[in-house]
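Report on one structure; see the data block that follows.
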Amino acid sequence: MPELPEVETVCRGLRPVMENNMITRVEQRRLNLRIPFPGDFVARLENSTVKSLWRRAKYILAELDSGDVLLMHLGMSGRFTIEEPQIPKKSSKGQQPGMFHREEAISKGSTHDHVVFHMSNGAVITYTDPRRFGLMTLIGAKQLHNHKLLKDIGIEPLGNELSGAYLAQSFCDKKTNLKTALLDQKFIAGLGNIYVCESLYRARLSPKRLAATLAKKNAEANNRADMLAEAIRNVLTDAVAAGGSSLNDYAQTNGELGYFQHSFDVYDREGEPCKRNRCPGKIRRIVQSGRSSFYCPRCQR
DNA sequence: CATGCCCCCTGCACGC
DNA sequence: TGCGTGCAGGGGGCAT
């Protein structure tokens, strides 16, 4: 499922075909995804030009010359496919699991293709989302920062603000465990279940640990907070790098963005051995706030 | 205000 | 083999 690194990858993939291009035609095939489309969605998009495209948390935002911002979220199963004119055909050999080729994508289509953008450069961008947990809406640029979906979102984990001190400060009076605190979007934006599990593993911190224990005023707590901040940054940076490289391969053979293989250290590895050198632990799964947590009880404390 | 839980929806992994 | 069941997941919104 798309998490922050996938959303970043999709954003980078969309940028060259959307930025500085006009949306000439929009096909909107249903009235809602997770939330209703604005009633004038198509009218407000057609004949407007995308000035810039960026990511905030797991949202993709496109600023239009009309003064609107197009806000998009991939939810659980959302993806974009780009068809560009005059791309040489490639052999269908060697495609990665879960991906399908441009030719198949075109001929098949899908009942889950909900929105199609036709761009002035000839690119056709299709949004597909079987589970419809994604969303698209339009916001006036001036209202952007007050919009309910964006106004309470915390810092970007790949920006400069993430530090041990920030985590300690944010969690000092939290009564929940670390896992729950890290998933709370008002502290760190865009951290999802997978990368919280992976970050805690890298920092050797138990998801069950009380969040406030990062804030004790002693050297050990400071160190833990620093380790966690570093782990979050590294996990996400690595994943973006992995997505970026496979995106290049992918975009040349077919247009679908944002699906690539990851290997995780703990996520979805219940019962399997801990990957840490010489650690005899087995990965355990527990449920916290209704979500699965995967961790090594032996080396995460 | 802080926290917990439900729910939106479909594909998929199970078990019989 | 085929069918039914239950679960996963982001995150808003509501109840507590």
Side-chain angles (χ1 to χ4, degrees), chain A residues 1-11 29-38 55-61 71-80 97-100 108-115 127-137 139 146-157 169-199 207-212 215 232 236 239 256 258-259 261-262 264 266-272 283-294:
Chain A
M1 67 294 316
E3 290 222 26
L4 186 151
E6 288 83 354
V7 177
E8 178 63 30
T9 302
V10 171
C11 190
R29 296 183 178 162
R30 47 179 302 125
L31 293 173
N32 66 292
L33 294 171
R34 189 160 66 76
I35 64 173
F37 289 95
R55 177 190 60 76
R56 172 78 172 113
K58 292 180 195 166
Y59 293 98
I60 297 168
L61 300 97
L71 182 75
M72 302 177 277
H73 196 289
L74 300 171
M76 289 293 305
S77 57
R79 70 192 82 158
F80 283 98
M99 302 175 172
F100 50 85
K108 264 187 181 171
S110 165
T111 53
H112 305 304
D113 293 347
H114 305 307
V115 180
Y127 178 74
T128 309
D129 186 1
R131 297 188 191 179
R132 307 207 299 274
F133 275 23
L135 65 87
M136 286 193 197
T137 194
I139 306 167
N146 296 321
H147 192 275
K148 64 177 176 184
L149 295 175
L150 298 173
K151 67 181 169 62
D152 294 322
I153 292 180
I155 62 165
E156 281 293 326
Q169 162 85 39
S170 301
F171 295 168
C172 65
D173 54 2
K174 295 292 284 182
K175 292 172 178 58
T176 51
N177 56 57
L178 260 184
K179 170 72 182 308
T180 306
L182 287 171
L183 281 177
D184 189 333
Q185 299 294 300
K186 71 172 175 289
F187 297 113
I188 305 178
L191 268 195
N193 201 34
I194 293 174
Y195 291 106
V196 167
C197 291
E198 295 296 310
S199 300
K208 296 193 287 189
R209 171 186 279 276
L210 286 179
I232 292 167
L236 293 176
E256 190 178 322
Y259 264 43
Q261 302 297 309
H262 285 305
F264 299 119
V266 287
Y267 184 78
D268 209 18
R269 293 192 63 241
E270 182 180 16
E272 294 179 41
I283 304 308
R284 180 178 296 170
R285 186 181 81 95
I286 59 174
V287 175
Q288 297 176 292
S289 309
R291 293 252 126 85
S292 289
S293 295
F294 298 88

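Below, chain A is the first sequence line, B the second, and so on; all start at residue 1. Just so it is clear, the model here is predicted, and its values are computed rather than measured.
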On a heavy-atom basis, the closest approach of A/Leu135 and A/Leu33 is CA-CD1, 4.0 Å

Specify the residues of residues 149-157 of chain A, ordered by number, for which at least one heavy atom lies under 4.0 angstrom from an atom of DNA chain C. A/Leu149

Can you name the side chain to side chain contact (heavy atoms under 4.5 Å, CB included) partners of A/Asp184, sequence neighbours left out? A/Lys174, A/Lys186, A/Phe187

OP1 or OP2 of C/dG10 under 4.0 Å from side-chain N/O of A/Arg291: yes

What's the CG-C1' distance between A/Leu135 and C/dG9, to the nearest Å? 15 Å

Aromatic stack A/Phe133/C/dG11: centroid gap under 5.5 Å, interplanar angle under 30°: no

Over how many whole Å does the gap from A/Tyr195 atom OH to C/dG10 atom C1' extend? 15 Å

One should read off an interatomic distance between A/His114 NE2 and A/Thr128 OG1, to the nearest 0.5 angstrom, of 7.5 Å

Rounded to the Å, how far apart are A/Gln288 CD and C/dG9 P? 13 Å

Counting the atoms with a prime plus P, OP1 and OP2 as sugar-phosphate, which does A/Arg132 contact under 4.0 Å by heavy atoms, base, sugar-phosphate, or nothing? sugar-phosphate

Rounded to the Å, how far apart are A/Leu74 CG and C/dG11 P? 10 Å

Does a side-chain N or O from A/Lys148 land closer than 4.0 Å to OP1 or OP2 of C/dG13, or not? yes

Atom CD of A/Glu3 and atom P of C/dG11 are separated, to the nearest Å, by 9 Å

Between the protein and nucleotides 4-8 of chain C, which nitrogen or oxygen pairs come in under 3.5 angstrom?
| residue | atom | partner | partner atom | Å |
| --- | --- | --- | --- | --- |
| C/dA8 | OP1 | A/Arg285 | NH1 | 3.2 |
| C/dA8 | N3 | A/Arg131 | NH1 | 3.4 |

List for me each residue that meets side chain to side chain contact (heavy atoms under 4.5 Å, CB included) alongside A/Glu198, sequence neighbours excluded, and say none if there are none. A/Ile194, A/Val235, A/Phe264, A/Asp265, A/Val266, A/Tyr267

A/Tyr59 meets the ring-ring contact (aromatic ring centres under 6.0 Å, His included) criterion, sequence neighbours left out, with A/His73

Without hydrogens or angle criteria, can the side chains of A/Arg285 and A/Ser292 be said to hold a donor-acceptor pair below 3.5 Å? yes

Value in whole Å for how far the C1' atom of C/dG10 lies from NZ of A/Lys186: 16 Å

Nearest heavy-atom contact between A/Ala211 and A/Phe171 is O-CB, 3.6 Å

Would you call A/Glu156 and A/Arg55 a salt bridge, using N to O less than 4.0 angstrom? yes

What integer distance in Å separates A/Ile35:CD1 from C/dG12:C1'? 10 Å

First and last nucleotide of DNA chain B, 5' to 3', lying under 4.0 Å from heavy atoms of chain A: B/dT3 to B/dG11

To the nearest 0.5 Å, what is the distance between CZ on A/Arg291 and CD1 on A/Ile286? 14.5 Å

Quick one, A/Leu31 and A/Phe37 - any side-chain contact, counting heavy atoms below 4.5 Å? no

Would you kindly say whether A/Gln288 and A/Thr180 are connected by a side-chain donor-acceptor distance under 3.5 Å? no

